[in-house]
Undergrad: 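Before I ask anything, here is the structure I am working with.
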There are 2 protein chains.
Amino acid sequence: MESLFDMLRDKLKEKGYKLTTQRRVIYDVFIDNQESHLSPEEVYDMVKDKYPEIGLATVYRTLQLFEELDVIYKLNFDDGCNRYELNTNTNHHQHHHLICMECGKVSEVEIDLLDKLEEKVEKESKFKIVDHNVKFFGYCEDCQK
Amino acid sequence: MESLFDMLRDKLKEKGYKLTTQRRVIYDVFIDNQESHLSPEEVYDMVKDKYPEIGLATVYRTLQLFEELDVIYKLNFDDGCNRYELNTNTNHHQHHHLICMECGKVSEVEIDLLDKLEEKVEKESKFKIVDHNVKFFGYCEDCQK
DNA sequence: ATGTTAAATGCAAATAAATATCATTTGATA
DNA sequence: TATCAAATGATATTTATTTGCATTTAACAT
Ligand SMILES: [Mn+2]
Ligand SMILES: [Mn+2]
Ligand SMILES: [Zn+2]
Ligand SMILES: [Zn+2]
């Protein structure tokens, strides 16, 4: 069976993209931070440890590319920048985000349960669904006092 | 019973904000475009018809204020700007957005069905949910060929 | 191994959405 | 009608992201 990294290499090759050092290092940052939702700046800062010569534009370009290849997902927590998380093929369609309206913390729940809803939506709307994005807003355990 | 506009006036008064001409006119734009998801620039252009002296900064400030007052909702369709729609108190928690990955068109479905999911999420996570946001990505009727 | 070539990079400049500054105007209240 | 904080419009500024371009590099063929 294929590792996540093998999948990256195959996807790049399939579309004629090169496997550069920069892309490897950025990919490693996501592997090492699977629980995080990283912004381009955050990725840039982490990458610079291993590869100080990298340019911020390369980070932006790589994030776009990885998203196109479904290697990472783009998220929006309305905090002024895009955020990304690794697609491990086990988290896809399988976790939602809980955003605390008090402290801003983002946590995750490993529940999906949208199949019935998607079915109903497809019937009612003639829209062919391939993905969904669910955010819950409210108060985290610490902020409920 | 209170009209939507009365609610706006009351909410403003309650918090010590003034009911200005600019705010009235921006509000009217949302009343007249209930099916739309408007960007600040779009609001600005529409407002200028009725009130050409208005400044773009006022539009931005008003949208922020209206959002704070729950008069409008902020949406993100990942097209480079924020978008807003009127809270009619009948659409709240009651429609989701369908985003076509081919043509970018955004449509709506009047289904909710998230109560069970929210219950389960609250139990599993100790997170107190007050709102949610659901987007479906896929292909609209026209783009399914 | 080496040469070839298109793809990718780093840097700097450019873009565009959103925010901040500040002098002037205006709505609410007395 | 006078008062005054709140709001506005114009403009400058900020910040995330994108683009242009000369240089470098990965992939592939010799
Ligand atoms: Mn996540
Ligand atoms: Mn809508
Ligand atoms: Zn919190
Ligand atoms: Zn479409």
Undergrad: Over all strands shown, is A/Glu53 touching base, sugar-phosphate only, or nothing at heavy-atom distances under 4.0 angstrom?
TA: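 The residue A/Glu53 makes sugar-phosphate contact but no base contact.
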Undergrad: Of all nucleotides in DNA chain D with an atom under 4.0 Å from a non-hydrogen atom of chain A, which is the first and which the last going 5' to 3'?
TA: D/dA16 to D/dC28
Undergrad: Within this structure, what is the CG-to-P distance between A/Leu56 and C/dA12, rounded to whole angstrom?
TA: 13 Å
Undergrad: CD1/A/Ile72 to NE2/A/His37 distance, rounded to the nearest 0.5 angstrom?
TA: 12.5 Å
Undergrad: Using atom CZ of A/Arg23 as one end and atom P of C/dA7 as the other, report the distance to the nearest whole Å.
TA: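 Taking CZ of A/Arg23 and P of C/dA7, I get 11 Å after rounding.
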Undergrad: In whole Å, I'd like the distance from the OH atom of A/Tyr60 to the P atom of C/dT9.
TA: 16 Å
Undergrad: Could you tell me if the side chain of A/Leu117 sits less than 4.5 Å from the side chain of B/Phe136, heavy atoms only?
TA: yes
Undergrad: Take the protein atom CG of A/Leu12 and the nucleotide atom C1' of C/dA8, then report the distance between them rounded to whole Å.
TA: 12 Å
Undergrad: Take nucleotides 25-30 of chain C nucleotide by nucleotide from the 5' end and write B, S or -, depending on whether a protein heavy atom sits under 4.0 Å from the base, only from the sugar-phosphate, or from neither.
TA: -BBSS-
Undergrad: Do the ring planes of A/Phe5 and A/Tyr27 sit parallel (below 30°), tilted (30 to 60°) or perpendicular (above 60°)?
TA: tilted
Undergrad: Quick one: do A/Asp6 and A/Arg9 make a salt bridge, cutoff under 4.0 Å?
TA: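 Yes, A/Asp6 and A/Arg9 are salt-bridged.
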Undergrad: Please indicate whether A/Lys50 has more than 12 foreign heavy atoms, meaning atoms of other residues, nucleotides or ligands, lying under 6.0 Å from its NZ.
TA: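 Yes, because the 6.0 Å sphere around NZ of A/Lys50 holds more than 12 heavy atoms from other groups.
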Undergrad: Any heavy-atom pair between the side chains of B/Ile26 and B/Ile54 that's under 4.5 Å?
TA: yes
Undergrad: Please check if the number of heavy atoms outside B/Lys128 that lie under 6.0 Å from its NZ is greater than 12.
TA: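 For B/Lys128, atom NZ is not crowded (no more than 12 foreign heavy atoms under 6.0 Å).
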Undergrad: Measure the acute angle between the ring planes of B/Tyr84 and B/Phe30, then classify it against the limits of 30° and 60° as parallel, tilted or perpendicular.
TA: perpendicular
Undergrad: Taking only N and O in the side chain of B/Gln64, is any of them less than 4.0 Å away from OP1 or OP2 of C/dA18?
TA: no
